[in-house]
Amino acid sequence: MDTITFICTASLLVGGLYWVVGLVGSAEQKKRHAIDVSFGSINGDKVKDKHNQYSTFFHRPEEIAKPEKVADFVNVFYDLITDMYEHLWGQSFHFEPSVPGKSRLESARIHEEMVADLMGANPSQKILDVGCGVGGPMRAIASHSGSHVVGITINEYQVTRAKTYNRKAGLDKQCEVVCGNFLQMPFEDESFEGAYSIEATCHAPKLEDVYREIFRVLKPGSMYVSYEWVTTHLYNSEDREHVETIHGIEIGNALPGLRKWSDITEVAKKVGFEVVKEKDLSRPPAGVWWSRLQKTKFSNWKKRMMVMVLEKLGFVAKGTGEVQEMLLKTIHHLARGGETGIFTPMHMILCRKPEK
Ligand SMILES: C=C(CC[C@@H](C)[C@H]1CC[C@H]2C3=CC[C@H]4[C@H](C)[C@@H](O)CC[C@]4(C)[C@H]3CC[C@]12C)C(C)C
Ligand SMILES: C[S@@+](CC[C@H](N)C(=O)[O-])C[C@H]1O[C@@H](n2cnc3c(N)ncnc32)[C@H](O)[C@@H]1O
């Protein structure tokens, strides 16, 4: 072997080893630049089946229309993507306006603390996090306000992750996590002094059902804040590109159907809330929320190629590439939704449950 061949072979071996090591570590061990393809929530041999199960919902739209099926399909989605999200995005599964001079994680924290400030959360209160994910916002809000936070998520794996992170952050006394459906919450009437939902109620087949349930568990006089995914006044249902973009967002994010911005207050009032404030937090002068998606696009396509090869070689679970591709397509649609202004993931509504 001549020197050049030796150097090339050695580099390929070292490079290959680097990627493979990046693939097999646990979510916490892995570095952010490794290919994020573990599925802590499901066995490797089930990834393809689960992804097929997920896609089937969109091939049979009548399935998505059945409210009782939606929770299952959302749960399958989070089994598939929770680890991937955590690796590259962190413990908060939402967007935020980018704040000049701040990193994405710092901007996310500001966006989360704003929820606590809007609710006026304080250490004497018990607050509900509706659709809590792995608890990034819950920990930020508990530390910022001193309040006790109870989170609910439909996904059992997220409950395990959230509890682990709460313990590690020393917040397990202040933060609780429950597995359950936010359409039928296992909580007493009037048992919370505040509630919030961050980019979560968009998964509900009917917004009215989740808002009514939140209204039920709040004490009179309590505040509720929500960041909603909606189409804006610029969306035109006659425009093919608009329709494609919105449908693309729904497919890649387990959404049974995006709502119009004007539906949000209407539903809040219908279930009995007073609407105190409503604002699209993505509007200028707020920094754009989709810029980071565009930056990651190219490096993600490189990862896609790598995953394809590794899947063929049997190093990663079959179906991994399909899940990754679904998320990559979503990036495109989300960014398009942001650029055209027809979609926002941060339509904020602040409500109060009236005093009796
Ligand atoms: C609120 C929701 C999720 C919003 C965002 C947190 C996520 C939307 C799209 C996600 C991602 C797309 C591409 C992924 C990439 C292919 C993978 O290698 C690493 C993770 C991604 C970057 C991932 C990260 C989270 C998102 C930006 C919805 C579900 C209501
Ligand atoms: C995009 S994640 C946002 C998580 C968290 N709010 C955050 O910002 O990090 C949406 C969350 O809503 C939860 N969810 C969706 N449908 C649900 C349902 N029917 N009942 C309970 N949780 C649900 C998901 O399990 C997930 O945790």
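Numbering of ligands and ligand atoms starts at 1, following listing order. For reference, positions follow the sequence shown, starting with 1. Owing to the predicted nature of the structure, the values given are computational and were not obtained by experimental measurement.
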- Query: Roughly how far, to the nearest 0.5 Å, is CD1 of I264 from CE of M348?
  - Reply: 12.5 Å

- Spatial distance of atom OH (Y85) from atom NE2 (H94) [nearest 0.5 Å]: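 Reported to 0.5 Å precision, the distance equals 12.5 Å.
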
Measure from [atom] to every heavy atom in [options] and give the option owning the shortest one.
atom                    : options          : answer
atom 25 (O) of ligand 2 : V130, T201, T153 : T153
atom 2 (C) of ligand 1  : W89, Y227, W229  : W229
atom 13 (C) of ligand 2 : G90, G133, G131  : G131
atom 8 (C) of ligand 1  : I198, N253, L328 : N253
atom 10 (C) of ligand 2 : F95, Y196, Y78   : Y78
atom 16 (N) of ligand 2 : Y85, F182, F73   : F182

- Message: Side chain or backbone, does I198 bring an N or O within less than 3.5 Å of an N or O on ligand 2?
- Response: yes

- Item | Check: I154 N/O within less than 3.5 Å of ligand 2 N/O |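 N/O-N/O distance below 3.5 Å exists for this pair.
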
- Query: At a 4.0 Å cut-off, with the gap strictly under it, does some heavy atom of G180 reach an atom of ligand 2?
  - Reply: yes

- Message: Tell me whether ligand 2 is touched by G136 - counting only heavy atoms on the residue side and a distance under 4.0 Å.
- Response: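 G136 does not count as a contact of ligand 2 under the 4.0 Å cut-off.
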
- Message: Under 4.0 Å, counting heavy atoms only: does Y78 come that close to any atom of ligand 1?
- Response: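 Y78: in contact with ligand 1 (<4.0 Å).
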
- Message: Does the residue L334 have a heavy-atom contact with ligand 1, meaning some pair of atoms that are separated by less than 4.0 Å?
- Response: yes

Considering the heavy atoms of [X], write down every atom of ligand 2 situated less than 4.0 Å from one of them.
X    : answer
V74  : 15 (C), 16 (N)
C132 : 4 (C), 5 (C)
P137 : 7 (C), 8 (O), 9 (O)
S92  : 9 (O)
N181 : 18 (C), 19 (N), 20 (N)
Q158 : 24 (C), 25 (O), 26 (C), 27 (O)
H94  : 8 (O)

Answer yes or no: does atom [atom1] of [X] have more than 12 heavy-atom neighbours from other residues, nucleotides or ligands under 6.0 Å?
X    : atom1 : value
K206 : NZ    : no
K312 : NZ    : no
E188 : CD    : no

- Item | E199 and ligand 2 - part of the residue with a heavy-atom distance under 4.0 Å |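 For E199, the contact with ligand 2 is made by the backbone alone.
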
- Message: Please work out, at 4.0 Å between heavy atoms, whether the side chain, the backbone, both, or neither of F93 comes within that distance of ligand 2.
- Response: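 Within the 4.0 Å criterion, F93 contacts ligand 2 through backbone and side-chain atoms alike.
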
Please find out if less than 6.0 Å separates the ring center of [X] from that of [Y].
X    : Y    : result
F58  : F73  : yes
F343 : W290 : no
Y224 : Y196 : no
Y78  : Y157 : no

- Query: Do you know the tightest heavy-atom contact between F192 and S222?
  - Reply: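 Closest approach of F192 to S222: O-OG, 3.4 Å.
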
- Does M84 approach ligand 1 within less than 4.0 angstrom via side chain, backbone, both or neither, non-hydrogen atoms only? backbone

- Message: With a heavy-atom distance limit of 4.0 Å, tell me whether H203 approaches ligand 1 through its side chain, its backbone, both, or neither.
- Response: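 Side chain only.
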
- Task: Give a yes or no on whether a salt bridge exists between R216 and E213, defined as a side-chain N under 4.0 angstrom from a carboxylate O.
- Result: yes

- Under the side-chain contact (heavy atoms from CB on, under 4.5 Å) test, which residues partner I110, sequence neighbours left out?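 Listed in chain order: V99, K102.
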
- Message: If we count only N and O atoms by modelled type, under 3.5 Å, do the side chains of E96 and S107 hold a donor and an acceptor together?
- Response: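 No, no side-chain donor-acceptor pair sits under 3.5 Å.
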
- Which residues share a salt bridge (charged side-chain N to carboxylate O under 4.0 Å, His left out) with R167, sequence neighbours left out: none

- Task: For E199, counting its heavy atoms only, list the atoms of ligand 1 lying under 4.0 Å from any of them.
- Result: 1 (C), 30 (C)

